[in-house]
Amino acid sequence: MSYRWGFDLFGSNLIAGLSWSLHGPDIAILRYEEDDRPPVYFWSSVHLDELTPGPELFARAAALKVVFDGALYLLTSSYRPDRLGDLYDMRSDKRVSAYEVAAGGDPFSSTIVRRPLDKDARRLVSDQMLEGAIYLARSDLAVRGMLTVLGTHGLTYASLYQLMDFLKTHGMSEDDIVAAAGSTKAELKRFTHTANNFAAIGPAGRHGDLGYQPPRKPMTIDEASALILPAAQRFIAKRIVATMKATS
């Protein structure tokens, strides 16, 4: 596939590995190597192709990057986003401009959304959580909301609590949530007690001081991630299956 625009990335964290595998219907990490120089990486998307450099392109790229970051946070707590760098014309291999921060854009092109997936893209979306979650966010507003929360805030007590709210609102019970992590409702209660308690985690919590007693052993953010993220993954995986069946 020929991509029109790409933003350069530093290539830290997971980007180098993704450059070998992520060429999905919504996002691609492009890798370029020349002789024995270190590789360079570009973040690209067909959803940008119809736009020209300017506020609309930057706003869409920013919104789509949030969804992308959220999908990676969903899969690994070790993810740390790279910021978008300069914009390049990938067809002429020329730098176009510096990235300008913009907000408020729709992440997806209506033209691309209307276009049916080819066989290879359907396989990627069906088999890979990263590609599948981003694809689902085109039309599934619950999934888009979850990824946007994670992509905006990272893994925090508040963002994980918001994920739990999404799961409950859209059909997952507390029993379903803890079963996905092989955990217990007592641990889920320890999570909510921790996340809601200023005395336990200070400004990282969802509330100010309400005078509540903190849990005897507050839940760490790593424990909270291990409790909530498997349920979010299971929720999204089921919706990917349902969506692909409905569009087959």
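It should be emphasised that the depicted structure is a prediction, and the values quoted were computed from it without experimental measurement.
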Derivation of the salt bridge (charged side-chain N to carboxylate O under 4.0 Å, His left out) call for R95 and D86: CA-CA 7 Å; R95 178 186 176 279; D86 290 346; 2.9 Å; yes
F235/L163 under side chain to side chain contact (heavy atoms under 4.5 Å, CB included): CA gap, chis, key distance, verdict: CA-CA 11 Å; F235 174 85; L163 252 60; over 6 Å; no
Evaluation steps, side chain to side chain contact (heavy atoms under 4.5 Å, CB included), between M164 and L188: CA-CA 10 Å; M164 184 180 68; L188 188 62; 3.7 Å; yes
Candidate pair E33 and R31, rule salt bridge (charged side-chain N to carboxylate O under 4.0 Å, His left out), full reasoning: CA-CA 7 Å; E33 296 185 75; R31 178 190 186 103; 3.0 Å; yes
Steps toward side chain to side chain contact (heavy atoms under 4.5 Å, CB included) verdict (W5, L87): CA-CA 7 Å; W5 307 114; L87 177 66; 3.8 Å; yes
Side chain to side chain contact (heavy atoms under 4.5 Å, CB included) assessment of M90 paired with Y32: CA-CA 11 Å; M90 305 309 296; Y32 290 88; 3.5 Å; yes
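Proximity of the aromatic rings of F42 and Y88 is defined here by a centroid distance below 6.0 angstrom, and this criterion is met.
There is a path of hydrophobic side-chain contacts, each under 4.5 Å, that joins I228 to I201. Follow the hydrophobic side-chain contacts under 4.5 Å out from F10 and you never reach W43; the two are in separate clusters. When hydrophobic clusters are built by joining Ile, Leu, Val, Met, Phe, Trp and Tyr residues whose side-chain heavy atoms come closer than 4.5 Å, directly or via intermediates, F198 is not grouped with Y161. L18 and L124 end up in different hydrophobic clusters when Ile, Leu, Val, Met, Phe, Trp and Tyr side chains are linked at under 4.5 Å. Hydrophobic clustering (side-chain heavy atoms under 4.5 Å, transitive across Ile, Leu, Val, Met, Phe, Trp, Tyr) groups L9 together with L130.
The minimum heavy-atom distance linking G85 with F7 is given by the pair O-CD2, 3.5 Å. The two residues M172 and A231 come nearest to each other via the heavy atoms SD-O, 3.6 Å. For the residue pair R4 and L51, the shortest heavy atom distance occurs at NH1-O, 3.4 Å. When every heavy atom of P218 is checked against every heavy atom of T194, the shortest pair comes out as CA-OG1, 3.5 Å. Of all heavy-atom pairs between A180 and P230, the closest is O-CB, 3.6 Å. Nearest heavy-atom pair across R60 and D106 is CG-O, 3.3 Å.
In this structure, the side chain of T169 does not engage the main chain of F166 through any donor-acceptor pair within 3.5 Å. At least one donor-acceptor pair closer than 3.5 Å links the side chain of E223 to the backbone N or O of T220. With S159 contributing its side chain and T156 its backbone, the two residues share a donor-acceptor pair below 3.5 Å. Proximity of a side-chain donor or acceptor of N196 to a complementary backbone N or O of T192 within less than 3.5 Å is detected.
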List the atom pairs, with distances to 0.1 Å, where a side-chain N or O of residues 142-150 and a protein N or O form a donor-acceptor pair under 3.5 Å, not counting sequence neighbours.
from : atom 1 : to   : atom 2 : distance (Å)
R144 : NE     : A137 : O      : 2.8
R144 : NH2    : A137 : O      : 3.2
R144 : NH2    : R138 : O      : 2.8
T148 : OG1    : R144 : O      : 2.7

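We find the OG1-CG distance between T76 and L229 to be 9.5 Å, quoted to the nearest 0.5 Å. Taken to the nearest 0.5 Å, the CD1 atom of I27 stands 14.5 Å off from the OH atom of Y135. Between atom CG of residue D209 and atom NE2 of residue H207 there is a gap of 12.0 Å, rounded to the nearest 0.5 Å. In this structure, CG on L167 lies 11.0 Å from CD on E174, to the nearest 0.5 angstrom. Residue S45 holds its OG atom at 8.0 Å from CD1 of I112, rounded to the nearest 0.5 Å. We find the CG-CE distance between L74 and M129 to be 6.0 Å, quoted to the nearest 0.5 Å.
F191 places a side-chain heavy atom less than 4.5 Å from the side chain of L160.
Donor-acceptor pairing under 3.5 Å is recorded for the side chains of D176 and S173.
Applying the salt bridge (Lys or Arg N to Asp or Glu O under 4.0 Å) test to E56 and every residue at least two apart in sequence or in another chain returns nothing.
No more than 12 heavy atoms of other residues, nucleotides or ligands lie within 6.0 Å of NZ in K189, so this atom counts as exposed by the packing criterion. Around atom CG of D93, no more than 12 heavy atoms belonging to other residues, nucleotides or ligands sit under 6.0 Å away.
Applying the salt bridge (Lys or Arg N to Asp or Glu O under 4.0 Å) test to every pair with at least one member in residues 67-76, sequence neighbours left out, gives these pairs: K65-D69.
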